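Source: prediction; values computed, not measured. The basis for the numbers below is simple: all heavy atoms, side chains too, and nothing from hydrogens, waters or symmetry mates. Below, chain A is the first sequence line, B the second, and so on; all start at residue 1.
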Amino acid sequence: MTCNGVLKYLLVEDDDSHAMIIQRTLERDEIPCHVERVSNGVDALQYLRKEGPYAQTDRPDVVLLDLNLPRLNGHEVLAAVKKDPELAGIPIVVLSTSDTEIDRSKAYGNAANSYLVKPTSFDQFRAMVHDLNRYWGVWNRPERETWKGH
Amino acid sequence: MSKGNGSNFIRVLLIEDDEAQASLIKRQLMRYEDDFRVEVEAVTCLADGLDRLAKQHFAAALVDLDLPETWGTQTITSVTKAAPHLPVVALTMTEDRETAIAALRKGAVDYVVKSDATTSLLVRTLRYAIERKRQQEAMARHAQELERSNHELEEFAHVVSHEIKTPLWVLGYALDMVREEFGDQFKGDLLKVMNGARDAVGQARAVIDQLLAYAKVSRRGRPVSATDATESLRQAIAALQVSIDSTQTTVMHADLPTVMANGDMIVHVFRNLIENAINYRADRPQQVTIDAVPSANQWVFRIADVGMGIDPLVMPKIFNLFERGQGGSGTGVGLAICKRIVEMHGGRIWVESQPGEGSTFFFSLPGANGASAAHQQAASPAVA
């Protein structure tokens, strides 16, 4: 169960325009959700570990992760989360413009839950976001208790 | 090897356990005094030989294959492993061709039968061994350099494409979002400009994908084998079936030969050339005819069309990156990729064209049974 019943995403994206488009598309989807954003890999890990400025923040239900990030890149963040027993259960969806096999297999090798390539048209992107929201918000809603600890 | 007045020395390491034989060879070599002189360092076992190699520089080594602690090609392996850049000449007891060839495969550059070892034979063998090794190393360096630059091109394309794709993504989505919210307000020129902008984003994206495809053309992980070109062509046609049908294009082909090539890459060449014919069709329905004729030890494939033909101004540079004819919808990368693929297979690609009447693209590939392509029967006439 989430705190207020609305699925909470953490969007890790350094580019403001990208972040705005993703956030806006998610929040306008018919399935209600809430998006928080950090813009680099170090902040993402702090957020998930509830460190520093994020000590009082609830963990997200799903992380949407870009690969090209400053400081710690997406692959490094993914590896760190999946190696941490307390965080490993948080679903991580890689959302990338790169459709190269290297990036895809590396992400799955680091136990990404999903790898999505941003489609070329906005209509397709909106459909993808809707599917994503339905998958995590309805069909596979993560149980917070299983990974949240006490 | 330096030329000079006899004051130049080359140092040769001699590993030979038979001391009488060793001193004979040493004497033969030291007798030579012409453009250079030979200084011989003789040792009687492999361990001493490897020890000398670690400490001193030699121009070449003469190595007896049968030593106390090692024999046969194993001896050569040990020496070439310790000194990979050293020209090694094997010394054999008899004219044992099999052992000699095996030694060459393990890295020796030549061999000398001991009983034949005269001064002139030894010096000539050493001279050629040094020169041959130098050429082998230059070729290996060249191949390495080529592999490295191919790899760099691929990496460069990957990075650039990502850096450009990211802003394009924002631009494309933003245009779509604007059109969605305000689309009904776009009229006349503004509507055209907005549509043009969207198309431009799509075009830029296609160019990036094609550039990536161009950079990825590499022999790495793509083995060459006997490939049935008819099968490759069928795959290419199947992939293009939708656009072939929608443009009412007819594709006819003869039975094609078997060639030494990477099947996937040949599918790509056929596909690109047929796609090209469809893109540059004339007002009449396009007809593409494909066959192959033998030429020396290669097969020459012909892809003939009745399209718009090629502007003579564009002809000489048609296989260059980003060159394209007027009126087509290509990105100007397809033919450059074809050229890269064909040349990687040791073939050639060219085109002949009559503006307004059509073009014929030719490319050559080695036949599957080497030199005998010319003796095989020519492909039968084109059939639908």
[Y] backbone acceptor or donor facing [X] side chain under 3.5 Å:
X: A/N40; Y: A/R71; answer: no
X: B/D228; Y: B/T258; answer: no
X: A/N113; Y: A/I92; answer: yes

Self-check item: Derivation of the side chain to side chain donor-acceptor pair (under 3.5 Å) call for B/H268 and B/N272
Solution: CA-CA 6 Å; B/H268 200 93; B/N272 256 305; 3.1 Å; yes

Exercise. Determine the option with the most heavy-atom pairs under 4.5 angstrom with chain B, choosing from A/T25, A/N68, A/I102.
Key: A/N68

Quiz item: Out of A/I21, A/D123, A/T120, which one racks up the most heavy-atom pairs below 4.5 Å with chain B?
Solution: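 Ranked by contacts with chain B, first place is A/T120.
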
Practice problem: Could you look at A/D103 and say if it's the side chain, the backbone, both or neither that has a heavy atom under 4.5 Å from chain B? | Solution: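 Answer is side chain: those atoms of A/D103 sit under 4.5 Å from chain B.
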
